[in-house]
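Heads up: the structure comes next, in structure tokens.
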Amino acid sequence: MSDQKPASSNPSDHSDKSVKPSKPKKETPLMDKLTSLAKRRGFVFQSSEIYGGLAATFDYGPMGVELKRNIKDVWWDAMTKSHDNIVGLDAAILMNPRVWEASGHVAGFSDPMIDDKTSKFRYRADHLIEGYIKQLERKGKVEEASRVMAAFVEAQNADDMPRALYNLIITEQIKSPDSGAFDWTEVRQFNLMFKTSLGAIAGEGADVYLRPETAQGIFVNFHTVREASRLQVPFGIAQIGKAFRNEIVKGNFIFRMLEFEQMEMQYFVKPNTQAAAFEMWKEERMRWHTESLGIAPEKLSFYKHDKLAHYADAAFDIKYQFPFGTEEVEGIHSRTDFDLKRHQEFSGKSMEYFDQELKEKYLPFVVETSVGCDRAFLEVLCDAYSEAEEEGETHVTLKLRPRLAPVKAAVFPLMKKEGMPEVGEKLVKELQRSFKVQYDAAGSIGKRYYRQDEIGTPFCFTIDHDTLKDETVTVRYRDTAAQERISLAQVKSFLTEKLSE
RNA sequence: GCGGGAGUAACUCAACGGUAGAGUCACAGCCUUCCAAGCUGUUGGUUGCGAGUUCGAAUCUCGUCUCCCGCUCCA
């Protein structure tokens, strides 16, 4: 199993992960290869590359959209088809700004940062002070600690919060945990929400935000969806959509992007039943990664959050062992009734649910499952990538589950003569009604197989001399290169069968 | 934002003060045919951008933009 340690393994260490852990860090050629393949074969491109690109922003190419769509379909089916009490939603990206006040994002989604000019390490100013207070407590300086704590609370509520935090750090002479230096920059505010303005006239519009998570679109629609779908607790609302975060630190290809897609499901349950629902979803979601995405189980692990977000009473991540480290792809969070309660408070509208059986009203509790679609994409790509050395050449194969493969099958005429192309084209026409297939007659047959291997096409059908005589074709399996003969008439049912596995 | 590294063809790289090249890929044709064979041809680069030095800059200097890695924390 993974021996990766949680990022902050030492709770008494207030510097958190600001202290460089001695993790085995070196250049990951695998990521370079993946990035290169992704570009070459049309999975993922750097956004607006001809202008030099834009950090942490990517476009999905012809193969990429197919793969991503398949991942989304698999998720959507697992949620809305396999559960008759889960329904879908597609909420707008822009919402009334009050939503984000209620959700806590306006207040809590901006971080005051400060840099140690000596060590070049960056800290969250509030974490720095909290750590200092804990340190005082450990030393038994209780009075001192509570005095600083009072000043800290005051600073956090100050109009110019960054300035107040800075002043506190300076007056208390808080030193850098890593270098011990007292050499700070100003405290600067990093707002993680993208802001835009409503109204076409410059300067006159109201500020609105690009949503930093899709969840709120679900919460504000709690009643409308429930009533329209005649659902009773427990039930869930599933949604796939874009979210935006002004990340300070971006990177690792499509792992952390400014604009990303979430696949979220919020499951509403009776209060005090959330623990059982949480366990159920935790298991089900892990199974989705191994069974629906076909990810190697040994590369996946749970990570339990000890430090919980303001809204949660339990939280687990599903992590995948990426080439650059074991990182989160999905979060399963027990969000309590925080969100509904807040929306009730801020909107003045009741968010309560009337339980017909119990004859009582309550605010449902929520268990959230939230997968990063792009992260799932990367997870699938990393897991599928394999290469073999063949006479000095590297033969790359994406061993994707057939259900996920962008192209399901390719059809080749063995030669461009004797009517083989015509037979092949006819087969393609027929298959295209049900499957994404490609026809390829260019280059040697081996070259064509390899081209398909690189994009993960699970099956190739070849028209050869025998086809012209007995109406059979060869089917070649991607992962083994094994071949068998089936009749032309069977090709479609062969694919149907293989794709349902 | 701070520190470090890097920008030459779609990809991988060369040219290191004297007219920007190679391989791969792609496309067309010939030939061959079941695992990247061969031959011929074609497309494709104002060397990230802008200044400066110089008779002459991909190359030296400065500025600028962007990307990558690390630092905050997340999906």
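Keep in mind the model is a prediction, meaning the values are calculated, not measured. Per chain, numbering begins at 1; letters A, B, ... match sequence-line order.
- When only modelled atom types and interatomic distance are considered, Gln216(A) and Ser103(A) share no side-chain donor-acceptor pair under 3.5 Å.
- His343(A) and Phe219(A) have tilted rings, their planes meeting at an angle from 30° to 60° on a 0 to 90° scale.
- When the C1' atom of rA75(B) is taken as reference, atom CZ of Arg285(A) falls 13 Å away, rounded to whole Å.
- Straight-line distance from the NE2 atom of His305(A) to the P atom of rC73(B): 12 Å, rounded to whole Å.
- Within the 4.5 Å cutoff, side-chain heavy atoms of Leu168(A) are placed close to those of Phe152(A).
- None of Lys242(A), Arg211(A), Arg375(A), Lys72(A) except one satisfies the salt bridge (Lys or Arg N to Asp or Glu O under 4.0 Å) rule with Glu261(A); the exception is Lys72(A).
- rC34(B) atom P lies 19 Å from atom CD of Glu484(A), rounded to whole Å.
- Ring geometry, Phe244(A) versus Phe194(A): the interplanar angle exceeds 60°, so the pair is classed perpendicular (tilted spans 30 to 60°).
- Taking the side chain as every heavy atom from C-beta outward, His305(A) and Tyr303(A) approach each other to under 4.5 Å.
- Arg245(A) contributes a side-chain N or O that forms a donor-acceptor pair with the base of rA75(B) under 3.5 Å.
- Spacing of P atoms, rA9(B) relative to rU59(B), comes out at 15 Å, to the nearest Å.
- A gap of 34 Å separates the C1' atoms of rU33(B) and rG21(B), to the nearest Å.
- One N or O on the side chain of Arg245(A) and one on the backbone of Pro212(A) form a donor-acceptor pair closer than 3.5 Å.
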Each nucleotide N or O in nucleotides 44-47 of chain B that has a protein N or O under 3.5 Å away: list the pair and distance.
none

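- Going from the C1' atom of rG17(B) to that of rG56(B) covers 8 Å, rounded to whole Å.
- rU8(B) and rC13(B): their P atoms are spaced 10 Å apart (whole Å).
- A distance of about 37 Å separates the C1' atoms of rC55(B) and rU42(B), rounded to the whole Å.
- Protein atom CZ of Phe461(A) is 19 Å distant from nucleotide atom P of rC35(B), rounded to whole Å.
- Between Phe253(A) atom CZ and rC69(B) atom C1' the separation is 16 Å, expressed in whole Å.
- Residue Ala238(A) comes nearest to Ile86(A) through the heavy atom pair CB-CG2, 4.0 Å, listed as atom of the first residue, atom of the second, then distance.
- Glu101(A) CD: more than 12 foreign heavy atoms inside a 6.0 Å radius.
- Of the two residues near RNA chain B, Arg375(A) and Gly446(A), the one whose nearest nucleotide lies more 5' is Gly446(A).
- Side-chain contact between Gln266(A) and Phe222(A) is absent, with no heavy-atom pair separated by less than 4.5 Å.
- Annotation: cation-pi geometry not satisfied between Lys498(A) and Phe459(A) (NZ/CZ under 6.0 angstrom from ring centroid, within 45° of ring axis).
- Taking a 4.0 Å limit (strictly below) on heavy-atom distances, residues 468-479 of chain A reaches RNA chain B at Thr474(A), Arg476(A).
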Criterion salt bridge (Lys or Arg N to Asp or Glu O under 4.0 Å) on Arg342(A) and Asp339(A), from CA distance to verdict: CA-CA 5 Å; Arg342(A) 293 277 288 191; Asp339(A) 298 279; over 6 Å; no

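- When the P atom is compared between rC62(B) and rA15(B), the two are found 22 Å apart, to the nearest whole Å.
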Contact letters for nucleotides 23-33 of chain B, in which S counts primed atoms plus P, OP1 and OP2 and B counts the base, heavy atoms under 4.0 Å: --SS-----SB

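- Within 4.0 Å (heavy atoms only), Asp464(A) reaches at least one base atom of the nucleic acid.
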Less than 3.5 Å apart, which donor and acceptor atoms pair up between the side chains of residues 450-458 of chain A and the rest of the protein, not counting sequence neighbours?
residue, atom, partner, partner atom, Å
Tyr450(A), OH, Glu390(A), OE1, 2.4
Arg451(A), NE, Asp440(A), OD2, 3.1
Arg451(A), NH2, Asp440(A), OD2, 3.1
Arg451(A), NH2, Ala442(A), O, 2.6
Gln452(A), OE1, Thr457(A), OG1, 2.6
Gln452(A), NE2, Gln438(A), OE1, 3.0
Asp453(A), OD1, Arg476(A), NH1, 2.8
Asp453(A), OD2, His395(A), NE2, 2.7
Asp453(A), OD2, Arg476(A), NH2, 3.0
Glu454(A), OE1, Arg40(A), NH1, 3.2
Glu454(A), OE1, Arg41(A), NE, 2.6
Glu454(A), OE1, Arg41(A), NH2, 2.9
Glu454(A), OE2, Arg40(A), NH1, 3.4

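- Rounded to whole angstrom, the span from the CD atom of Gln46(A) across to the C1' atom of rA10(B) amounts to 15 Å.
- Note: Phe322(A) and Phe324(A) have parallel aromatic rings, judged against thresholds of 30 and 60 degrees for the angle between ring planes.
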Extract from the structure each pairing of a protein N or O with an N or O of nucleotides 4-8 of chain B at less than 3.5 Å, listing the distance.
none

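- Nucleotides rC49(B) and rA57(B) place their C1' atoms 15 Å apart, quoted to the nearest Å.
- Between the side chains of Asp470(A) and Thr472(A), a donor-acceptor pair is found at a separation under 3.5 Å.
- Here rC35(B) presents its P atom at 16 Å from CG of Asp440(A), a figure rounded to the nearest Å.
- Partner of Phe377(A) under the ring-ring contact (aromatic ring centres under 6.0 Å, His included) criterion, chosen from Phe253(A), Phe260(A), Tyr60(A), Phe58(A): Tyr60(A).
- Rounded to whole Å, the P atom of rU24(B) lies 30 Å from the corresponding atom of rC60(B).
- If you check rC34(B), rC73(B), rC11(B) against the side chain of Thr462(A), the one that comes closest is rC34(B).
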Per-nucleotide pairing state of RNA chain B [Watson-Crick or G-U, under 3.5 Å; [ ] pseudoknot-crossing; | other strand]: (((((((..((((....[..)))).(((((.......))))).....(((((..]....))))))))))))....

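- Taking a centre distance below 5.5 Å and an interplanar angle below 30 degrees as the stacking criterion, Tyr449(A) does not stack against the six-membered base ring of rA36(B).
- Comparing atom distances between the Lys39(A) side chain and each of rC35(B), rA75(B), rC11(B) picks out rC11(B) as nearest.
- Whole-Å rounding puts the Gln483(A) CD to rC35(B) P distance at 8 Å.
- Glu264(A) and Ser370(A) form a side-chain donor-acceptor contact under 3.5 Å, judged by distance and modelled atom types alone.
- Within 6.0 Å of atom CZ in Arg485(A), more than 12 heavy atoms from other residues, nucleotides or ligands are found, so the atom counts as buried in its surroundings.
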